[in-house]
Amino acid sequence: MIEPLVLEGVFRELCRCGMALSVRDYLDAVSAVARGFGCADKTALIRICQALWARSSDEGRLVRVVIERAAQPSEWERPHISSALAAMASENRAEVVPSSPRAATESPAESSTRVRLQFAPSRDGGLPLPRAALHGSLEDAFVLDERPLVSERAMAVAWRRLYRPARHGPPIEFDIEATARAQSVSYGVVQPVFVPARSNRARVVLAIDVSASMVAWQSFGSSLERSLAQGRMAQVSVFYFENVPDVLFRRRTLDESCSLPDGERSALLVLSDAGAARGYRRPERARRTREFFAGTASRLQPMVWLNPLPRGRWRGTTAELIAKVPGLASFCANPVEFTRAIDALRGH
Amino acid sequence: MEPSYSGTRTDFYHAPAEVSDLVNLAIALGRPLLIEGEPGCGKTKLAYSVASELDLGEPERISIKSTSRARDLLYRYDAMRRLQDAQGIDRTKAQALYPYISLGPLGAAIHGANPRRVVLLDEIDKADIDFPNDILDVLDGYSFTVDDLPVAEAERCLAEQGFGRQVASAPRKPPVVLITSNREKRLPEAFLRRCIFVELCFPESEVELRRIISKNVIVPSESDALVTSALRAFLTIRKRSLNAAVAKPPATSELIDWVRALLWSRATVEEVAGAEPRWWRILFKIKQDIEAYTAATQDAP
């Protein structure tokens with residue numbers, strides 16, 4: 001007979017509910033229980049598992065709910081925990097609250113469970129964030145979390161890849177190699193050699209579509225703007241447009257048109273659904289976009305189009321036409337393709 | 001058996017049982033403890049309390065800044081001094097590189113030959129976004145490589161300075177690493193998963209606050225009534241400031257400063273129990289918070 005593993009049922013249920021736990025997390029929890037941590041009662045076990053596994057208040061709540069649903073052992077002694085908690089894997093799985101709101105509304109009629117939806121305002125404008133709760137004992141059993149297409153932190157890290165180092169400005173950085181080289185061929189004491197400091201000379205123009213079809217990704221656009229500020233570029237210019245970037249505006253309200261910045265060549269990133277959100281195919285829109293890119297190619301290179309919709313949604317829409325524009329690389333907004341988009345901006 | 005941390009044996013800090021359990025868990029599993037909480041709730045003092053109770057000497061406090069680099073915490077290569085020596089009378093001194101490499105604060109704490117210590121990485125959220133990832137591997141295995149030390153000089157460095165290219169902690173005796181964060185920036189997922197997380201909540205009961213005051217302020221017996229009145233007034237002010245959504249609500253350190261100010265100025269119970277307690281502005285650190293609190297108190301029935 002295979003001995004049931006300590007906390008296996010709890011661990012598996014949390015993984016099933018979407019928590020990013022690893023084998024190492026599980027082994028640490030087993031090690032903690034083996035040393036006597038969390039063995040006093042269920043509350044102590046919840047606290048230990050929250051400390052080891054939860055990284056947000058919502059994950060903490062999920063851990064609590066899952067463990068509370070576990071079978072209550074008759075005595076909270078170390079030797080019994082393994083069988084008590086492993087029993088949860090087979091006995092109580094059906095009772096654990098699912099993590100999707102659709103399943104919540106399908107609860108059995110005899111329990112008279114209703115779903116209460118609340119909407120919290122999104123801090124960046126755009127669509128409000130829904131939170132669903134069940135009346136009764138499962139009041140805070142699950143919460144709908146905002147899942148960004150790409151997290152702001154991941155984008156900020158990716159922007160650091162857009163690095164064009166060049167020595168620029170007055171000679172303020174001590175060049176030890178050059179000084180040592182000069183010293184090695186001189187019998188006297190040489191003056192230290194200074195060179196201009198390296199800095200990132202990358203310049204980026206970000207153009208964000210703020211038309212009605214892009215409302216759902218308004219917070220993503222704001223997050224993209226903020227992440228760009230952490231990329232330590234030499235210059236960042238942000239513009240807004242409606243549907244076609246041939247007319248650019250300084251503000252989201254589209255009340256002050258402007259032209260592209262003069263000066264050194266910049267990389268261009270456009271964020272727009274290009275008609276994919278509503279499934280429109282507008283050849284005229286594609287033609288105007290193509291003309292815009294042709295007209296700015298001398299000043300804006302490389303050029304990248306970032307679409308919040310997945311590639312499958314581009315088929316049959318203006319986005320499909322724009323993806324074929326020469327000299328323009330198109331990507332969809334997910335962590336892997338965002339990194340590829342940055343690589344394209346680097347010229348790779 | 002290793003001594004465990006109770007959180008009650010020092011005269012300057014009191015930790016709730018759930019916090020001391022998590023400290024002991026982090027030590028038992030050899031994982032860093034990530035401490036979050038409001039500014040002024042005692043995150044840094046917890047590290048000192050752990051070091052004091054477990055008799056691990058003075059904690060190594062590393063205040064993280066936006067310019068902090070992970071490598072500098074592990075070791076430093078003094079290239080400038082080497083150049084100076086190369087220009088000096090005895091140039092042979094600068095021929096070898098290893099005399100110019102020294103272990104940084106975290107590197108010294110990890111080095112197995114040194115006594116076990118508590119390391120406090122204070123306010124890690126202030127660091128550059130790459131910093132937590134750079135330090136992740138080191139905190140994972142409590143070992144690192146001194147990349148700047150040439151392989152040919154590693155043995156001499158080990159004989160003379162006590163460390164070679166590979167520096168690691170003693171088996172089962174890694175440093176006790178406590179990391180504090182004010183949540184100004186989000187930390188990377190892999191880093192969060194490596195740490196054991198504890199949140200220090202502000203103690204909302206008068207009894208706990210009195211215990212904190214008694215550990216930090218010398219209160220003459222004749223001032224007991226004043227302190228009691230101050231604690232009640234503080235809880236009221238804090239509740240109102242939370243309702244007014246101030247940016248930095250009054251916390252433990254502000255309370256301690258306020259009680260000290262009241263005792264120093266020989267305030268009376270009546271002055272503290274009134275609608276506007278004496279020196280109440282000390283409890284706020286931001287002008288806009290004072291204005292928001294004042295507006296909220298005026299609107300209150």
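Keep in mind that the numbers below use all heavy atoms, side chains included, and drop hydrogens, waters and symmetry copies.
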**OP:** Go through the atoms of B/Leu34 and report whether side chain, backbone, both or neither lie under 4.5 Å from a heavy atom of chain A.
**Re:** neither
Subject >> Partners passing ring pair (Phe, Tyr, Trp, His ring centres under 6.0 Å) against A/Phe174 (at least two apart in sequence or in another chain) >> reply: A/Phe194
Original post:
Under a 4.5 Å cut-off applied to non-hydrogen side-chain atoms, are A/Arg153 and B/Glu189 in contact?
Top reply: no
Subject >> Contacts of residues 131-141 of chain B with chain A (heavy atom under 4.5 Å) >> reply: B/Asn133, B/Asp140
Original post:
Pick from B/Ala79, B/Pro188, B/Ala17: which one has the most heavy-atom pairs with chain A under 4.5 Å?
Top reply: B/Pro188
**OP:** Mind ranking A/Asp28, A/Ile176, A/Leu52 by heavy-atom pairs under 4.5 Å with chain B and telling me who comes out on top?
**Re:** A/Asp28
Subject >> Residue A/Ala20 versus chain B: region with a heavy atom under 4.5 Å >> reply: both
Subject >> Distance-minimising heavy-atom pair for A/Ala54 and B/Phe197 >> reply: O-CB, 4.3 Å
Original post:
With a cut-off of 6.0 Å (strictly less than), are more than 12 heavy atoms of other residues, nucleotides or ligands near CZ of A/Arg346?
Top reply: yes
Original post:
At a heavy-atom separation under 4.5 Å, does B/Arg31 approach chain A through its side chain, its backbone, both, or neither?
Top reply: side chain
**OP:** Sort B/Leu83 into side chain, backbone, both or neither according to what part of it lies under 4.5 angstrom from a heavy atom of chain A.
**Re:** side chain
Original post:
Is the closest basic N to carboxylate O distance between A/Arg160 and B/Asp128 below 4.0 Å?
Top reply: yes
**OP:** Calculate, to the nearest 0.5 Å, the distance between atoms CZ and CZ belonging to B/Arg193 and A/Arg55 respectively.
**Re:** 6.0 Å
Original post:
Tell me, do B/Leu29 and A/Arg35 make a side-chain contact under 4.5 Å, heavy atoms counted?
Top reply: yes
**OP:** Check whether B/Leu25 gets within reach of chain A through its side chain, its backbone, both or neither, counting any heavy atom under 4.5 Å.
**Re:** both
